[in-house]
Amino acid sequence: MAKQLDLYYYPECPYCQRVLRAIRANGYEGITLKNIHADAEADATLVRVGGKHQVPCLFIDGDPMYESLDIIDWLAKEFA
């Protein structure tokens with residue numbers, strides 16, 4: 001069963017760019033991108049559900065994962 005994957009980010013964040021580059025380079029599909037600077041609802045959800053205002057944040061079936069390298073490692077294993 002496919003997991004629901006939502007990546008909360010903002011374009012100017014270098015750590016977010018690291019994750020976005022990995023997603024593009026590896027062709028990972030099915031990840032919803034939520035720019036918290038362009039989407040006030042996404043920004044509010046990030047804090048309400050994740051408990052903090054930190055990006056990048058990958059929600060995996062509603063559970064937050066922070067830290068760009070942890071996200072990249074998880075994606076590599078999930079999409080292997």
Leu75-Leu33 co-clustered via ILVMFWY side chain contacts under 4.5 Å: yes
Tyr28: ring-ring contact (aromatic ring centres under 6.0 Å, His included) partners, not counting sequence neighbours: Phe79
Tyr10 with Leu7, same ILVMFWY side-chain cluster at under 4.5 Å: no
Would you mind writing out the side-chain donor-acceptor pairs for residues 12-19 within the sub-3.5 Å range, not counting sequence neighbours?
unit_1	atom_1	unit_2	atom_2	d
Glu12	OE1	His37	ND1	3.3
Gln17	NE2	Pro11	O	2.9
Arg18	NH1	Ser68	OG	2.9

Side-chain donor-acceptor distances from residues 39-50 under 3.5 Å, at least two apart:
unit_1	atom_1	unit_2	atom_2	d
Asp39	OD1	Glu41	N	3.1
Asp39	OD1	Ala42	N	3.0
Asp43	OD1	His53	NE2	2.4
Thr45	OG1	Glu41	O	2.9

Could you give the side-chain donor-acceptor pairs of residues 54-61 under 3.5 Å, partners two or more places apart or in another chain?
unit_1	atom_1	unit_2	atom_2	d
Gln54	OE1	Lys52	NZ	3.3
Gln54	NE2	Glu67	OE2	3.4
Asp61	OD1	Gln4	N	2.7

ring-ring contact (aromatic ring centres under 6.0 Å, His included) partners for Tyr9, two or more places apart: none
Non-neighbouring partners of Lys77 that pass side-chain hydrogen bond (donor to acceptor under 3.5 Å, both in side chains), sequence neighbours left out: none
Cluster link Tyr8 to Tyr66, ILVMFWY, side chain under 4.5 Å: no
